[in-house]
Amino acid sequence: MIFYAGPLVLGFILGFIVGSRVKINPESKLNFTWGSYITIFIAALAAAYFLGPFPYYEDLPLASGFLAGIVGIIVGIVTLGRYGREQTEQ
């Protein structure tokens with residue numbers, strides 16, 4: 001079994017950039033709990049399984065780049081994109 005790091009790294013970096021740009025509006029009543037992040041991850045895992053691996057890749061039976069992108073988005077939201085500029089200045 002050969003492990004391909006390219007899709008994982010690129011998917012995580014792109015997902016992290018997108019996730020860091022997400023800003024939560026304080027006027028919105030939308031709250032993400034840990035349960036919602038786990039639900040999104042499970043749904044992304046199912047979607048990655050049904051997408052299948054990239055052509056000619058045989059390391060895992062799922063789209064590892066897609067899954068790394070979803071993890072990157074969640075990590076980017078949690079670390080850098082949680083608060084808008086208005087909340088940090090107060």
Side-chain angles (χ1 to χ4, degrees):
M1 179 157 102
I2 299 172
F3 180 72
Y4 298 101
L8 292 173
V9 172
L10 185 63
F12 183 80
I13 290 173
L14 289 176
F16 186 79
I17 291 170
V18 169
S20 68
R21 303 305 303 163
V22 172
K23 302 293 181 203
I24 295 176
N25 188 355
E27 293 146 5
S28 173
K29 302 299 181 206
L30 181 67
N31 292 325
F32 281 106
T33 61
W34 285 107
S36 62
Y37 287 124
I38 291 171
T39 304
I40 291 169
F41 181 74
I42 290 172
L45 187 65
Y49 177 75
F50 288 118
L51 280 172
F54 289 115
Y56 309 112
Y57 288 7
E58 298 175 359
D59 55 346
L60 294 173
L62 51 88
S64 56
F66 177 78
L67 196 59
I70 296 297
V71 170
I73 288 174
I74 292 173
V75 170
I77 288 172
V78 170
T79 57
L80 298 177
R82 244 177 123 95
Y83 304 108
R85 188 175 299 235
E86 304 84 30
Q87 291 177 326
T88 57
E89 291 178 355
Q90 294 177 351

Contact summary for Leu51 and Ala63, nearest pair of heavy atoms: CB-CB, 4.0 Å

Partners of Leu10 by side chain to side chain contact (heavy atoms under 4.5 Å, CB included), sequence neighbours excluded? Leu14

Any chain of hydrophobic side-chain contacts (each under 4.5 Å) joining Ile17 to Val9? yes

Taking side chain to side chain contact (heavy atoms under 4.5 Å, CB included) as the definition, give me every residue that meets it alongside Leu67, ordered by chain and number, with sequence neighbours left out. Phe41, Ala44, Leu45, Ala48, Leu62

Going by side chain to side chain contact (heavy atoms under 4.5 Å, CB included), Ser20 matches just one of Ile73, Leu80, Val78. Which one? Leu80

Ile38: what forms a side chain to side chain contact (heavy atoms under 4.5 Å, CB included) with it, not counting sequence neighbours? Ile42

Sequence-distant partners of Val75, side chain to side chain contact (heavy atoms under 4.5 Å, CB included), two or more places apart: Phe12, Phe16, Val71, Thr79

If you take all heavy atoms of Pro53 and Pro61, which pair is closest and at what distance? CD-C, 4.1 Å

